[in-house]
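Below: one structure, written as structure tokens.
Values in this document were obtained by computation on a predicted structure and should not be read as measured data. Counting starts at 1 for both ligands and their atoms, in listed order. Numbers here are sequence positions counted from 1.
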Amino acid sequence: MNFNFKKTYKFAVISALYITFFATGFLCVLDYFFIKLEVNNLILVASIFSISIYVFALFLMQYRTEKFIYQRVKKLYDDVSFLDSNFFLKQPISTDLTEITSQMQRFATDKKLEIETLNDREEFRREFLGNVSHELKTPLFTVQGYISTLLDGAMKDKVIRKKYLERAEKGVERLIYIVEDLDTIAKLEISEGKIEMTNFDIVSLIQGVFDLLEMKANKKEIMLSFDSKYHKPIMVLGNHEKIQQVVTNLVENSIKYGKIGGSTEICIDEIVNNKILINVKDNGEGIEKQNISRLFERFYRVDKSGARSEGGSGLGLAIVKHIIEAHNEKIFVDSNFRVGSEFSFTLQKAFN
Ligand code: ADP
């Protein structure tokens with residue numbers, strides 16, 4: 001049997017022994033010199049006295065120390081429990097020092113983790129705010145620059161006026177992209193975990209996105225198509241509006257970063273575990289290996305200079321990842337620089 005002798009008992013046993021030795025010794029000296037008891041009687045008196053004093057001292061010490069520790073520990077529990085009432089209210093107050101130490105260690109580790117998470121979040125928030133203001137500043141200053149130049153006299157020249165107004169309009173368009181994407185991200189964060197799922201046909205959703213983006217694709221003579229004819233509907237489970245946004249962002253990117261006369265092809269495959277894999281493949285500019293791992297970060301753009309003619313807010317893929325993860329699904333990317341890119345994501349197959 002594993003008899004775990006509590007530290008407070010040990011303390012009481014040893015302290016009671018000291019008290020007993022001292023008191024019995026003192027009593028024997030007094031009896032011997034002043035009352036002059038016979039040795040036999042002295043032993044009898046000393047024995048009875050030592051047993052009584054030992055039992056009394058033991059109980060008194062045990063009771064007092066438990067009470068003393070309990071009061072202080074209770075105060076300690078009360079003081080710290082407001083920091084994490086869940087942690088402390090779940091367990092009874094212990095007076096066992098080993099148990100208290102381990103509880104405190106667990107509490108300190110939990111708090112350390114919590115503080116680290118909060119610091120990370122704070123760092124992320126600071127970085128995000130910095131990125132937002134930086135991204136908004138560039139197009140705002142562009143618009144301001146063109147308008148100021150026009151007001152300073154350039155508007156008298158018809159050709160320059162048109163050119164500068166068109167450039168200012170491009171800047172405003174960019175501002176709109178960014179604000180709309182930020183709005184989408186904010187809404188996604190608010191509705192996190194509460195997305196409404198329905199069964200819908202992914203083939204007709206993709207066809208709808210193709211129809212919507214046909215004009216944009218035509219401007220670059222890019223052909224939008226399925227890899228083969230899908231005669232029957234393929235039903236999936238998800239949020240129709242959000243999946244439409246995912247497909248739109250991916251197809252839009254394939255046009256933005258596609259080459260003139262190129263193609264975007266979507267393939268729908270049934271894979272294991274009743275999952276459907278949707279693959280969006282283009283033969284555009286592709287992405288260099290070192291940039292692939294960062295593509296889904298907010299505001300990450302391969303060409304940071306903004307010199308490139310195409311480009312949105314840098315939030316498109318972050319939104320895509322957010323939506324797919326909210327569905328508990330996965331997104332994959334594969335790309336070869338100057339050859340093309342493939343973005344694919346999974347969805348749950350629906351049965352009806
Ligand atoms: P952006 O608004 O800049 O398009 P995204 O988040 O949608 O932002 O994409 C991030 C970056 O990933 C883009 O700047 C682009 O460099 C790269 N990218 C995304 N899709 C493709 C693609 N189909 N082909 C090549 N590069 C792509």
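Looking at G316, G284, G314 and measuring to atom 2 (O) of ligand 1, the nearest heavy atom belongs to G314. For atom 7 (O) of ligand 1, the nearest non-hydrogen atom from the set N253, L250, N291 comes from N253. For atom 12 (O) of ligand 1, the nearest non-hydrogen atom from the set L295, I292, I178 comes from L295. Looking at V320, V280, I287, it is I287 that brings a heavy atom closest to atom 26 (N) of ligand 1. Counting heavy atoms only, L317 comes closest to atom 5 (P) of ligand 1 of the residues N283, N249, V251, L317.
Although no hydrogens or angles enter the test, the distance criterion places a donor-acceptor pair under 3.5 Å between the side chain of S335 and the main chain of G340. With D201 contributing its side chain and V203 its backbone, the two residues share a donor-acceptor pair below 3.5 Å. Between the side chain of S50 and the backbone N or O of S47, at least one donor-acceptor pair lies under 3.5 Å.
At a heavy-atom distance under 4.0 Å, atoms from both the backbone and the side chain of V302 approach ligand 1.
Checked options K170, K162, K163; the residue passing with E166 is K162 (criterion: side chain to side chain donor-acceptor pair (under 3.5 Å)).
A continuous path of hydrophobic side-chain contacts links L17 to L58 [ILVMFWY only; heavy atoms under 4.5 Å].
Within the structure, ligand 1 has F343 among the residues with a heavy atom less than 4.0 angstrom away.
Taking all atoms of both residues into account, the shortest heavy-atom contact from I268 to Y230 is N-OH, 2.8 Å.
Contact atoms of ligand 1 toward R301: 3 (O), 14 (O) (distance under 4.0 Å to a heavy atom of the residue). Per-residue contacts place Y300 under 4.0 angstrom from the following atoms of ligand 1 (heavy atoms of the residue considered): 10 (C), 11 (C). Short contacts between ligand 1 and K256, defined as distances under 4.0 Å to a heavy atom of the residue, involve ligand atoms 1 (P), 2 (O), 4 (O).
By the 4.5 Å heavy-atom criterion applied to side chains, V246 and F343 are not counted as neighbours.
Checked against a 3.5 angstrom limit, the closest N/O atoms of E285 and ligand 1 fall outside it.
In the model, Q62 has a side-chain atom that pairs as donor or acceptor with a side-chain atom of E66 under 3.5 Å.
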